[in-house]
2 protein chains.
Amino acid sequence: MTGITNVVSKRERDCLVLLKEQSSDDFPLRLHEIASTMKIKPPTALNIIRRLKSKGYVETQDGMIKLSDSGDRISSTILMVHRTFESLFCQSGVSESKACREASEIDFLINSDNAMKVLKRIDSPSLCPHGKPIKV
Amino acid sequence: MTGITNVVSKRERDCLVLLKEQSSDDFPLRLHEIASTMKIKPPTALNIIRRLKSKGYVETQDGMIKLSDSGDRISSTILMVHRTFESLFCQSGVSESKACREASEIDFLINSDNAMKVLKRIDSPSLCPHGKPIKV
DNA sequence: AATAATGTTAGTATAATGCTAATGCATGAC
DNA sequence: GTCATGCATTAGCATTATACTAACATTATT
């Protein structure tokens, strides 16, 4: 089996993407920031973080939460798939915001190898509709 | 809000598609047939059927299970989305069986309006890779 | 030191998914 | 006509994901 498929749930995916897009080694996120961004209460967020930790995707030090190497890798993959399908939807005439929402529902379910093939099929744009690089 | 989005779970989707593809008024399915096709035990299947019934997608008479009108409609929509993405994956170089599996993971999550736009974008094939009509 | 912010535990709830064991019902074999 | 077989259904249980509140603990800030 090649490619990456379906190892995280929807909310785990949301959390990974949040960490990938809005944190860095210099600016790791705090639990309450994750909770408020995800519009959930801290105990709920803690639960998700705990699951991600047990999968090895997240590390915490002094309440600071950041992606592990493998978390960074899987987040990049999810974002690549996300931007590929976001681009597809936009090329098809779907609005940017709807394209983004739709892509978020499926990006963590789709095998990365298959997504890369789709990317070629839709003329390999290098940037997603928001202007971010598809392949990182 | 237009189009149809996310009103069924994965297994409800599987069951709807099974009923749509392998039953008719003349040949409705029995519970144990659904269970064995879905590789689950009858009580588990009964649970899914019960949920579909409560959503108005399925009717039963004398142990015979068939789609209601609205169940038929939503199943058709799911299949349209399925075949659209299956076609996309195949056009991209994914094998027929992998394309089908991948499409099954997402077809019930994608808004039908968006799928129809994607269908146009991929040159509006009238048949899916298995030779079945995409638009019913 | 007191208050505020933050993190964590404990307990609860729901939905989806799955199972086994037991019961109920109908039908065909004998 | 009874009995076995097949099928449907109920009851009970378990797991995972998701989410909440209330309470407690810890850490900062003033």
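Chain A is the first sequence line, chain B the second, and so forth, proteins listed ahead of strands; every chain is numbered from 1.
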Participant: Output the rounded distance in Å from CG (Asp62(A)) to P (dT6(C)).
Facilitator: 16 Å
Participant: Identify, with sequence neighbours excluded, every residue that meets salt bridge (charged side-chain N to carboxylate O under 4.0 Å, His left out) alongside Asp123(A).
Facilitator: Arg121(B)
Participant: Which residues in residues 12-23 of chain B have a heavy atom closer than 4.0 Å to any atom of DNA chain C?
Facilitator: none
Participant: Given dG7(C), is OP1 or OP2 found less than 4.0 Å from the side-chain N or O atoms of Arg30(A)?
Facilitator: yes
Participant: With sequence neighbours excluded, tell me which residues meet salt bridge (charged side-chain N to carboxylate O under 4.0 Å, His left out) with Arg30(B).
Facilitator: none
Participant: Rounded off to whole Å, could you give me the NE2-to-C1' distance for the His32(A) and dT6(C) pair?
Facilitator: 7 Å
Participant: Is the shortest heavy-atom distance from the side chain of Leu31(A) to the side chain of Thr60(A) under 4.5 Å?
Facilitator: no
Participant: Considering only distance and modelled atom types, tabulate donor-acceptor pairs under 3.5 Å from the side chains of residues 34-43 of chain B, sequence neighbours left out.
Facilitator:
{"from": "Ser36(B)", "atom 1": "OG", "to": "His32(B)", "atom 2": "O", "distance (Å)": "3.4"}
{"from": "Ser36(B)", "atom 1": "OG", "to": "Glu33(B)", "atom 2": "O", "distance (Å)": "3.3"}
{"from": "Thr37(B)", "atom 1": "OG1", "to": "Glu33(B)", "atom 2": "O", "distance (Å)": "2.7"}

Participant: For Lys120(A), check side chain to side chain contact (heavy atoms under 4.5 Å, CB included) against everything at least two apart and list the hits.
Facilitator: Ser124(A)
Participant: Going by the side-chain contact (heavy atoms from CB on, under 4.5 Å) test, name the single residue among Cys100(A), Ser95(A), Ser87(A) that passes it with Pro129(A).
Facilitator: Ser87(A)
Participant: Given atom CE of Met64(B) and atom C1' of dT9(D), what is their separation to the nearest angstrom?
Facilitator: 17 Å
Participant: Mind checking side chain to side chain contact (heavy atoms under 4.5 Å, CB included) for Ala103(A) and listing every partner two or more places apart, or none if nothing turns up?
Facilitator: His82(A), Phe85(A), Glu86(A)
Participant: List for me each residue that meets side-chain hydrogen bond (donor to acceptor under 3.5 Å, both in side chains) alongside Lys55(B), sequence neighbours excluded, and say none if there are none.
Facilitator: Glu12(B)
Participant: Output the rounded distance in Å from CD (Glu33(A)) to C1' (dT6(C)).
Facilitator: 11 Å
Participant: Suppose we screen for side-chain hydrogen bond (donor to acceptor under 3.5 Å, both in side chains). Which residues come up paired with Ser104(A), at least two apart in sequence or across chains?
Facilitator: Arg13(A)
Participant: Whole Å only: how far is the CZ atom of Arg11(A) from the P atom of dA16(C)?
Facilitator: 17 Å
Participant: For Asp72(A), give me all partners under side chain to side chain contact (heavy atoms under 4.5 Å, CB included), at least two apart in sequence or on another chain.
Facilitator: Lys20(A), Leu67(A), Ser76(A)
Participant: Mind checking side chain to side chain contact (heavy atoms under 4.5 Å, CB included) for Glu21(A) and listing every partner two or more places apart, or none if nothing turns up?
Facilitator: Val17(A), Leu79(A), Arg83(A), Lys132(A)
Participant: Set out, line by line, the N/O atom pairs under 3.5 Å between protein and nucleotides 25-30 of chain D.
Facilitator:
none

Participant: How long is the line joining CG of Leu52(B) and C1' of dA15(C), in whole Å?
Facilitator: 14 Å
Participant: Below 4.0 angstrom, which residues in residues 35-50 of chain A have at least one non-hydrogen atom near DNA chain D?
Facilitator: Ile40(A), Lys41(A), Pro43(A), Thr44(A), Asn47(A)
Participant: In whole angstrom, what separates Gln61(A)'s CD from dG7(C)'s C1'?
Facilitator: 16 Å
